[in-house]
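Data block below; observations after.
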Amino acid sequence: METLEIFDRLQAEFGAEIIDTGGAAPGDLFISVNPERIVDICLYLRDSAEMKFDYMSSLSGVQNKDNSFAVVYHLYSVSLKHRVVIKTGLAEENPKLPTVERVWKCADWHEREAFDLLGIEFEGHHNMIRILNPYDWEGFPLRKDYQGQEEYHGVRIPY
Amino acid sequence: MAERKTIELGYEGVPTDRMRMNVGPQHPSTHGVLRLEVELEGEIVTDVIPHIGYLHRCFEKYAEKMTYLQLIPYIDRLDYISSMNSEWPYVMGMEKLLDITVPEKVEYIRVIFAELNRIANHQIAVATFGIDAGAFTPFLFLFRDREMIITLFEAASGGRLLYNYFRIGGLSGDVPPTFKEDCLSIVKQVRNTNKEVMDLLIYNKIFVERTANVGILPADVAINYGVSGPMLRGSGLDFDLRKAEPYSIYDRFDFNIPVGKGEVGTVGDCWDRNVVRMYEMEESCRIVEQAVAQMSMEGDVLETIPKKIRPKANEIYCRAENPKGELGFYIISDGTAIPWRVKARGTSFVNLSVIPEISKGYMMADLILILGSIDIVLGEVDR
Amino acid sequence: MGLLNRLGDPYNAEGVILGTMEQILNWGRAKSDWFMSFGLACCAIEFMAVNASHFDFMRFGTIPRPSPRQSDFMIVSGTVTMKMAERVKRLYEQMPDPKYVMSMGSCANAGGPYWEHGYHVLKGVDRIIPVDVYVPGCPPRPEALLEGMIMLQSMIRKEEIFKKRDKIKAEDEAKDIKAV
């Protein structure tokens, strides 16, 4: 199923929650949605007989040009062999959205990574702690205004 | 220490404590710097908590600081066992963004090198898995053959392990003149050794006893966890991106997708995952043979490389079938020479996350085998 | 067996070796170095290749030991991150004296390609533990690692055990530390 077709179905089901499609060839088309009902949208995408997006390729946190955040879901259907990109926008201050961990288990570590690197918080996640950096690390390294630590546990970091 | 309690062991009144044990980060069987916090009830694993990040080398930060071309060496260092394969999805995504069609010769060389690197990767995977199970000899056999593949890669790219060979729109240089003969002699040698390894290791009674019915991963759980590659195929599902959405020129070759059948145990156990790797080496040999037969040595590999790499503001998720599974790069460009964001969807990162699910209820010694059968590389887990 | 050839027939008890205690001890120590098998990053794969059939590391008398308590030297094979740094230091401290460290690859030497923006990478393992031999390369070729091993052996052979012991004793006395 093509992205535009999926967009129509989603809009019929969820109405104003589904905002728009974006992107242009040769890149990927994506569907922008509101973050509030993301779990319902994902459950619909996974369970509906025409979609069957049972496989989550990737979940990425992104910081946009205007310093707001976005979370991008790359979904794929192993049985129907089609794919879709879902994008949610988040505010600059205190970015938060519900977790999709119970839809795809795969999201567990991806969400922790987005939290670790960008500080995007996933509400309802069972274990929202850092994953790559040490547990007592300061700051979110992938934010554009990140200043590295001078010292960690008495060892100098800069070259 | 948890509350003291008694469990049924067949004989009465044996008190056992639930014990928390630490495995790694320095441990011969963790294949790098992985730390597992294991909860044990006697010798039975009741819970596993992986702690990763001991090799977090800030790849995604570098992706925002380096130009598109400078990023390729860092991609090599993600999955350092199969660098050729790692470079491919990134290069392919950039070619799509820049709308470049690469010459046939480049495509053939890429396919051959990717498949040879797949063989080299599976050789390490099977060899180290053999060591985990207590068999040292296959390690020596397989590394001897791997050295032949490495020598060919070195002749083409100059590097033994990290190649930096693929370029956006081409390759960094042509292959040596004896390329075809070298490939065919490698294929011959790999087949010979694989026959030996099948007898020596895979169908060895001790090995079968240790790996059959251990670490069973059902296909639906695997898909929900996003597991891909030989791990998913070991669970009996014939999903391979080379067939599912053929990229490059994979639609021109005739090859099968080996799947786990539960020949000695249950579908999706450690033995199945390992035998899938063995059969995949054979399929890769077939692809290399066909590609060598079809390929022409005439032509330039540098002609379509753009002088200036400045894609328009756009975004793409490009993925390819790595030896370990699906490796994807989510590239966001903003019209400058430096990417805005490159997210690497590490195969091993996703595959490793399934370990708490499949190792509960097995022995501590089996946990090492389950970990070995996942075939992780920590550079890709931690990035 | 070069030594035995030079001595003539060893079974007829003709051969006599003259040397100081130090020379003989050092000769023995240099030819039986046990290393800690401990892989960190990309270099560990080259390290594995060195251990395997083609390059045969064990002909130098090296044997891999999984525990730091049984090893003589440690090869830091790859990038050391901030999270790993404390562990590497602890592993070094667990090794019994005399102990040596070989730093393998650019990352362990000075941060390698991650020197500039690597917020989580330790820029050289010599910031936390003393290093005896640096092997350059990213990753070093197996031949380079073998050369590093030869350098380490020649370093051990030139070592002054007794003078060193006296020196340490004098230092301890100056600091008023009594040997236990």
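The model shown is predicted, which means the values in this text are computed figures rather than measured ones. Within every chain, numbering begins at 1; the chains are lettered A, B, ... in the order of the sequence lines, protein sequences first and strands thereafter. Only heavy atoms go into these numbers, but all of them, side chains included; no hydrogens, no water, no symmetry mates.
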Of all the heavy-atom pairs spanning [X] and [Y], show the shortest one and how long it is.
X: C:V121; Y: B:C58; result: CG2-SG, 4.3 Å
X: B:L162; Y: C:C138; result: CD1-O, 4.0 Å
X: B:L161; Y: C:C42; result: CD2-O, 3.3 Å

Sort [X] into side chain, backbone, both or neither according to what part of it lies under 4.5 angstrom from a heavy atom of chain B.
X: C:M82; value: neither
X: C:P64; value: neither
X: C:A44; value: neither
X: C:L40; value: both

Please tabulate the donor-acceptor pairs under 3.5 angstrom that span chain C and chain B, backbone and side chains included.
unit_1	atom_1	unit_2	atom_2	d
C:E46	OE1	B:R160	NH2	3.2
C:E46	OE2	B:R160	NE	2.8
C:S53	OG	B:L140	O	2.8
C:P66	O	B:Q26	NE2	3.0
C:T79	OG1	B:R57	NH1	2.8
C:T81	OG1	B:Y54	O	2.8
C:K83	NZ	B:I52	O	2.6
C:R87	NH2	B:Y54	OH	3.4
C:P113	O	B:Y62	OH	3.2
C:P113	O	B:Y74	OH	2.7
C:Y114	O	B:Y62	OH	3.3
C:E116	N	B:Y62	OH	3.2
C:H117	N	B:Y62	OH	3.0
C:G118	N	B:Y62	OH	3.4
C:Y119	OH	B:H56	NE2	2.9
C:H120	ND1	B:H56	O	3.0
C:R141	NH1	B:E154	OE2	2.3

Contact origin within [X] toward chain C - heavy atom pairs under 4.5 Å:
X: B:L142; result: neither
X: B:L55; result: both
X: B:I52; result: backbone

Atom CE of B:M278: over 12 foreign heavy atoms under 6.0 Å: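 Correct, the count exceeds 12.
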In this structure, are over 12 heavy atoms from other groups packed under 6.0 Å from B:M148 atom CE?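 Yes, the 6.0 Å shell around CE holds more than 12 heavy atoms from other groups.
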Which of C:P113, C:P66, C:C107, C:A85 touches chain B most, by non-hydrogen pairs under 4.5 Å: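 Looking at each of C:P113, C:P66, C:C107, C:A85 in turn, C:P113 comes out on top.
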Partners passing ring-ring contact (aromatic ring centres under 6.0 Å, His included) against B:F139 (at least two apart in sequence or in another chain):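 Listed in chain order: B:F136, B:F143.
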